[in-house]
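What follows is a short report on a single structure.
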Amino acid sequence: MSYLLYFLPRPTEQHVHDIQEVIDAGVTWIESDSECTGTYTVSGPGEVAGAIVAVGRKDVVLPSAIKYEREHQRWIWHPSKKFAIGVDKRNKPGPDELRRDSVLSGTPVRLLDKADWIVPVCVPKYVASMNGQTLPMTYDIADDGRTIMRVDSDYEPIAERVYAYFEQYIGADKERLAPEVLIQLACDLLSLNYQVDRTIVVGLLNLLGTKTWALPLRAAVEADQIDAYVKAQVEAVEKKETEGVSDSGGSAMNSGSTDAPTPTTLASATSR
């Protein structure tokens with residue numbers, strides 16, 4: 001069984017015995033009931049002294065002995081510089097080892113490790129072919145007194161960010177999101193169901209590349225369903241125009257008009 005490693009710099013020999021110590025160091029994406037085991041080394045990543053800790057799901061059996069192995073491990077310091085994250089290059093963990101206790105339903109996306117990672121749908125249902133969001137919802141009362149459903153408050157921030165991408169995807173955005181913003185969003189979408197952050201997704205597991213970075217984003221907005229819907233509408237219009245040519249000798253084709261939906265017309269049809 002594979003697992004992730006964490007290194008907490010400590011000038012004196014202090015072992016980590018409680019997973020809460022790792023969380024308190026800033027590793028906020030791991031579950032509080034995760035298992036951990038570790039040791040102390042005088043020369044860890046960056047030749048720094050500190051505690052090396054292996055962290056795994058509560059059903060994972062961790063090895064009794066953990067040590068720093070420069071030749072077999074890859075380490076990256078977290079941007080906070082408070083800890084480093086490592087992985088055994090010979091046996092990297094995947095979705096089974098990193099999944100959360102409670103996994104939200106969604107769409108599987110195959111990333112560069114050739115494994116399927118589940119990404120929740122984060123936008124409401126807009127067109128007939130879309131299933132709609134799978135984020136947890138809460139009943140609420142609207143201003144007009146109607147009973148409505150809203151995304152749980154814990155998920156509102158990422159739902160808003162995904163909606164911004166959704167608007168960009170259908171052509172309704174006024175300003176395109178920067179690539180770095182989109183990569184961060186892709187990593188945050190994976191963190192909904194897995195105990196990971198951007199350092200792990202991009203730096204250690206190398207899950208995203210030119211052909212995979214957008215897959216979590218597409219899954220979150222059901223892009224395949226949107227594409228299929230637009231294609232079906234275009235084909236319907238083209239069929240209608242073709243039939244018009246047969247009936248009127250080409251007047252429909254020569255009129256210069258079309259009812260085919262574009263991303264912009266889809267945007268206006270799918271407004272909040």
Side-chain angles (χ1 to χ4, degrees), residues 23 28-34 57-59 95-96 98-111 115-174 177 181-198 200-201 207-208 213-230 232-233 261 263 265-272:
I23 296 174
T28 56
W29 51 84
I30 59 177
E31 306 275 45
S32 58
D33 60 354
S34 298
R57 288 172 43 80
K58 60 185 178 181
D59 56 354
D96 289 340
L98 297 174
R99 67 180 175 82
R100 297 189 179 280
D101 290 338
S102 179
V103 175
L104 302 173
S105 61
T107 303
V109 295
R110 181 152 297 185
L111 302 181
D116 291 333
W117 300 71
I118 305 298
V119 177
V121 180
C122 299
V123 295
K125 183 176 181 179
Y126 285 96
V127 295
S129 59
M130 295 175 67
N131 296 317
Q133 61 195 9
T134 56
L135 295 176
M137 305 288 286
T138 301
Y139 285 106
D140 199 355
I141 301 296
D143 293 339
D144 60 4
R146 293 179 298 112
T147 300
I148 59 175
M149 295 189 73
R150 299 187 188 277
V151 176
D152 282 5
S153 58
D154 289 345
Y155 297 93
E156 281 182 355
I158 195 166
E160 288 296 323
R161 292 163 60 203
V162 172
Y163 192 87
Y165 171 73
F166 171 78
E167 290 185 310
Q168 173 175 307
Y169 187 77
I170 63 174
D173 62 302
K174 296 181 180 179
L177 301 174
V181 171
L182 295 176
I183 294 295
Q184 181 65 59
L185 180 55
C187 295
D188 291 343
L189 285 167
L190 291 173
S191 73
L192 291 174
N193 277 336
Y194 305 95
Q195 301 178 65
V196 297
D197 81 327
R198 183 173 62 90
I200 297 170
V201 171
L207 298 178
L208 304 181
W213 72 269
L215 295 181
L217 302 175
R218 290 180 58 83
V221 302
E222 294 190 284
D224 288 348
Q225 288 88 332
I226 294 175
D227 292 350
Y229 173 82
V230 172
Q233 297 302 306
T265 58
L266 177 61
S268 62
T270 58
S271 62
R272 295 189 192 184

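These numbers come from a predicted model, not from an experiment.
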Practice task
Begin from the C-alpha positions of V123 and Y169 and carry the test side chain to side chain contact (heavy atoms under 4.5 Å, CB included) through to its verdict.
Solution key: CA-CA 12 Å; V123 295; Y169 187 77; over 6 Å; no

Exercise for the section: Could you tell me whether a side-chain N or O of T134 sits under 3.5 Å from a main-chain N or O of V121, the two making a donor and an acceptor? Expected result: yes

Completion exercise
By salt bridge (Lys or Arg N to Asp or Glu O under 4.0 Å), R161 pairs with (sequence neighbours left out) D188

Exercise for the section: Evaluate the side-chain proximity of E31 to K58: yes if any heavy-atom separation is below 4.5 Å, no if none is. Expected result: no

Exercise for the section: Identify the two heavy atoms, one from I158 and one from L185, that lie closest to each other, and give their separation to 0.1 Å. Expected result: CG1-CD1, 4.0 Å

Handout entry: Approximate separation, where rounding is to 0.5 Å, of Q184 CD and L189 CG
Key = 10.0 Å

Exercise for the section: Please assess S153 against T138 for the test side chain to side chain contact (heavy atoms under 4.5 Å, CB included), listing each intermediate value before the final yes or no. Expected result: CA-CA 9 Å; S153 58; T138 301; over 6 Å; no

Exercise for the section: Answer whether the closest heavy-atom distance between the side chains of W117 and L98 falls below 4.5 Å. Expected result: yes

Problem - 4.5 Å side-chain heavy-atom contact, S32 and I23 - result: yes

Fill in the blank from the handout: Residues passing the side-chain contact (heavy atoms from CB on, under 4.5 Å) test with A219, sequence neighbours excluded, are T107, V109, V119

Practice task
Output the distance between atom CD1 (I148) and atom CG (D140), rounded to the nearest 0.5 Å.
Solution key: 5.5 Å

Problem - Exercise: identify the closest heavy-atom pair between M130 and I226 - result: SD-CG1, 3.7 Å

Problem - Main-chain N/O of P108 paired to D116 side chain as donor or acceptor, under 3.5 Å - result: no

Practice task
Flag the pair R146 / I141 as yes when at least one side-chain heavy-atom distance between them is below 4.5 Å, and no otherwise.
Solution key: no

Completion exercise
CG (L135) and CG (L104) are apart, to the nearest 0.5 Å, by 6.5 Å

Practice task
Measure the CG-SG distance between L217 and C122 for me, rounded to the nearest 0.5 Å.
Solution key: 10.0 Å

Exercise for the section: Inspect the surroundings of CG in D144 and state if more than 12 heavy atoms from other residues, nucleotides or ligands are less than 6.0 Å away. Expected result: yes

Problem - Taking every non-hydrogen atom, the tightest pair across P120 and L192 - result: CG-CD1, 4.0 Å

Practice task
With rounding to the nearest 0.5 Å, note down the distance linking CG in D197 to SG in C187.
Solution key: 8.0 Å

Exercise for the section: Indicate yes or no for a side-chain donor-acceptor contact from R57 to the backbone of R99 under 3.5 Å, with no hydrogens or angles considered. Expected result: yes

Handout entry: Any donor-acceptor pair under 3.5 Å from E222 side chain to G132 backbone
Key = yes

Practice task
Apply side chain to side chain contact (heavy atoms under 4.5 Å, CB included) to the pair Y194 and V201, showing each step before the final yes or no.
Solution key: CA-CA 10 Å; Y194 305 95; V201 171; over 6 Å; no

Handout entry: Aromatic ring proximity F166/Y163, centre distance under 6.0 Å
Key = yes

Handout entry: Non-hydrogen atoms of I118 and G106 that approach each other most closely
Key = CG2-N, 3.7 Å

Practice task
With the side chain counted from C-beta on, respond yes when R100 and W29 share a heavy-atom pair under 4.5 Å apart, and no when they do not.
Solution key: yes

Exercise for the section: Measure the CZ-CH2 distance between R218 and W213 for me, rounded to the nearest 0.5 Å. Expected result: 10.5 Å

Exercise for the section: Begin with the C-alpha distance, continue with both residues' side-chain angles, and end with the deciding distance and a verdict on side chain to side chain contact (heavy atoms under 4.5 Å, CB included) for L182 and Q168. Expected result: CA-CA 11 Å; L182 295 176; Q168 173 175 307; 4.1 Å; yes

